[in-house]
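Let me begin by presenting the structure, written as structure tokens, before commenting on it.
Note that these values count all heavy atoms, side chains included, but never hydrogens, waters or copies made by symmetry. All figures in this text were calculated on a predicted structure; none of them were measured in a lab.
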Amino acid sequence: MMVRKLLPLALCAALLTALAACGGNSSGPVAHKTPEPQETLTEITLTAGETVLSGVLFDNETARAFAELLPLDAPLWDPAPGYARAFDLPRRITDAPVRTRAYELGSLAYWDEGPSIAIIYNDNREETVVPVTAIGRLDGDVSIFFGYDQPVHIEEVKAEEEAPPPAGGGDTVLTALPDPRIRQTFYLWEEGNAPAVTEYTVNSGGYFDEPDFRPTITSFPVPEETSVKGAVLVCAGGAFQFRSDENEGTPVAEALAKLGYQAFVVDYRLRPYTQQEGALDLARAVRFVRKNADLYGIDPKDIAVMGFSAGGILAGEMLLHWDGTVSPAALDSSYLPDELDAVSADAAADGMIYSFYGRLSVGTTDVEFLRSGELPPTFYCYGTEDPFYRQFLANASAAEEAGVMVQRLQLDGMPHGFGSRGDWLEEYDRFLTDVFSEK
């Protein structure tokens, strides 16, 4: 993804003029041509702030090329006020030999001269006039784009893979028999005994997880003949609306495992659950890894947590309020503690990858609050084109002032959502090696 390039002035002006000419100045619906129906290639989600819209990409050559760019984070610009928003692509993609001027509400239209994708959120034009290639459609209330001008996140909805079975014992972290040689997935809580203050029985809000979702931890073992350095628990981001495991979970855990870390992806609870409930999921996962440190071949002190965007905020919430032996019953008095709750959830290090200590979209600069959390050494990594760039700088500085050992890695020109890209993992490896060696 790249920040919108400045188009040549004449070209940009021509586009605006053409779009504005389409249907005059009408603000209400007008009759217009609609695209020919197309087969579906894949499903997608687009996240705009706290709103998640589902949609599809069509089965055509241009849409297939666009799908290869996903996941994608992109700032929006305004080619036609009151009609369409657009975001730029990092490069041109294959364009259809025949373009169209037809559209429908929610149309995703590729404009090769950008190269850009337009999101059409109003049907007040007779046609686009500027020929485009229809690559997909967003469903739901696209009128949110009337007043929305922040970045969006687009990703493909991939079919869930069946989780690898446990090697033996039960299917929860309390009863499992871990096998460090294979990838395994375990539930974090015994059925019916997950600490919660949120009552979620019917999915009436279009939430990512159904009410029967149970948080899990998935292991990614260090390859044979590779020395084990420690363990890292990874929390993918997604604005607490979804978990971007395909971009920030699985590929990162696989890369860490190759570097010598027993890696684990934590699929924590999302909305409507609170940040605190999700943080307890991570604390439970840390306790499981520490309890089984001998099996995984690690020093029980050499356990780090890390997160991307909202996942980093979640990790920070755990470290600030729910580490050590703080009982989940402190949040939910009906929770029945078990033997795993006596194990410490402390972490030796934290990785804030385009993230910060605080809450969604707001990094704290309260030095005394951060000092009170007795936070571990923290690795910050962020791009200069991230909309939260200045907040990352301020949060890291506040943490340093609070006495936290901070290491920063700035990636010039990188946006939000780069996942495992950007060659930052080697620096993170050096950071963890240094931290683990200083016990």
Sequence neighbours excluded and cut-off under 3.5 Å, please list the side-chain donor-acceptor pairs for residues 236-244, or say none.
unit_1, atom_1, unit_2, atom_2, d
Q241, NE2, E50, O, 2.9
R243, NH1, D209, OD2, 2.8
R243, NH1, Y268, O, 2.8
R243, NH2, D209, OD1, 3.0
R243, NH2, D209, OD2, 3.3
S244, OG, E155, OE1, 3.2

With a 3.5 Å cut-off and sequence neighbours excluded, list the donor-acceptor pairs that the side chains of residues 348-364 form with protein atoms.
unit_1, atom_1, unit_2, atom_2, d
D350, OD2, Y357, OH, 3.0
Y354, OH, E248, OE2, 2.5
Y354, OH, G419, N, 3.1
S355, OG, S309, O, 2.6
S355, OG, I313, N, 3.1
Y357, OH, T378, OG1, 2.8
T364, OG1, D366, N, 3.1

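In the displayed structure, E104 atom CD is contacted under 6.0 Å by more than 12 heavy atoms of other residues, nucleotides or ligands. More than 12 heavy-atom neighbours from other residues, nucleotides or ligands sit within 6.0 angstrom of CZ on F392. Counting non-hydrogen atoms of neighbouring residues, nucleotides and ligands closer than 6.0 angstrom, the CD atom of Q410 exceeds 12 such neighbours.
Residues passing the side-chain contact (heavy atoms from CB on, under 4.5 Å) test with S54 are D139, sequence neighbours excluded.
For the residue pair S219 / Q184, no side-chain donor-acceptor distance below 3.5 Å is found, with atom types taken as modelled. Using modelled atom types and a 3.5 Å distance limit, the side chains of S397 and E400 yield no donor-acceptor pair. A side-chain N or O of W189 and one of D281 form a donor-acceptor pair less than 3.5 Å apart. Q276 and W322 share no donor-acceptor pair across their side chains, judged by distance under 3.5 Å alone. Side-chain N/O atoms of N193 and E191 include no donor and acceptor closer than 3.5 Å. Side-chain contact check for H416 and D73: no donor-acceptor pair (N or O, by modelled atom type) lies under 3.5 Å.
No cation-pi contact links R85 to F145, judged by a cut-off of 6.0 Å to the six-membered ring centre and 45° from its axis.
With rounding to the nearest 0.5 Å, the separation of CG in L76 from CG in D88 is 10.0 Å. Here I119 contributes atom CD1 and I154 contributes atom CD1; the two are 6.5 Å apart, rounded to the nearest 0.5 Å. Note that OG1 of T384 is 8.0 Å distant from CG of L411, once rounded to the nearest 0.5 Å.
Ring centroid separation for the pair F431 and Y380 does not come in under the 6.0 Å cut-off. Ring centers of Y200 and F213: at least 6.0 Å apart, outside the cut-off.
Ring-plane geometry between F264 and F288 is classed as perpendicular, the angle between the planes exceeding 60 degrees on a 0 to 90 degree scale with a lower cut at 30.
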- Working for side-chain contact (heavy atoms from CB on, under 4.5 Å), residues I217 and V289: CA-CA 10 Å; I217 181 173; V289 175; 4.1 Å; yes
- For side chain to side chain donor-acceptor pair (under 3.5 Å), just list the numbers for Q38 and D59, CA-CA rounded to whole Å, side-chain angles, deciding distance to a tenth of an Å, and then say yes or no. CA-CA 7 Å; Q38 298 190 53; D59 191 6; over 6 Å; no
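Residues R371 and E368 are paired through a salt bridge, judged by an N-O separation under 4.0 Å between the basic side chain and the carboxylate. For the pair R99 and E113, the salt-bridge criterion is met [side-chain N within less than 4.0 Å of a carboxylate O]. Using a 4.0 Å cut-off between a side-chain N of Lys or Arg and a carboxylate O of Asp or Glu, K229 and D302 do not qualify as a salt bridge. Between E427 and R408, no side-chain nitrogen of the basic residue sits less than 4.0 Å from a carboxylate oxygen of the acidic one, so the salt-bridge criterion is not met. Look at D346 and R290 and you find no salt bridge, because none of the NZ, NE, NH1 or NH2 atoms lies under 4.0 Å from a carboxylate O.
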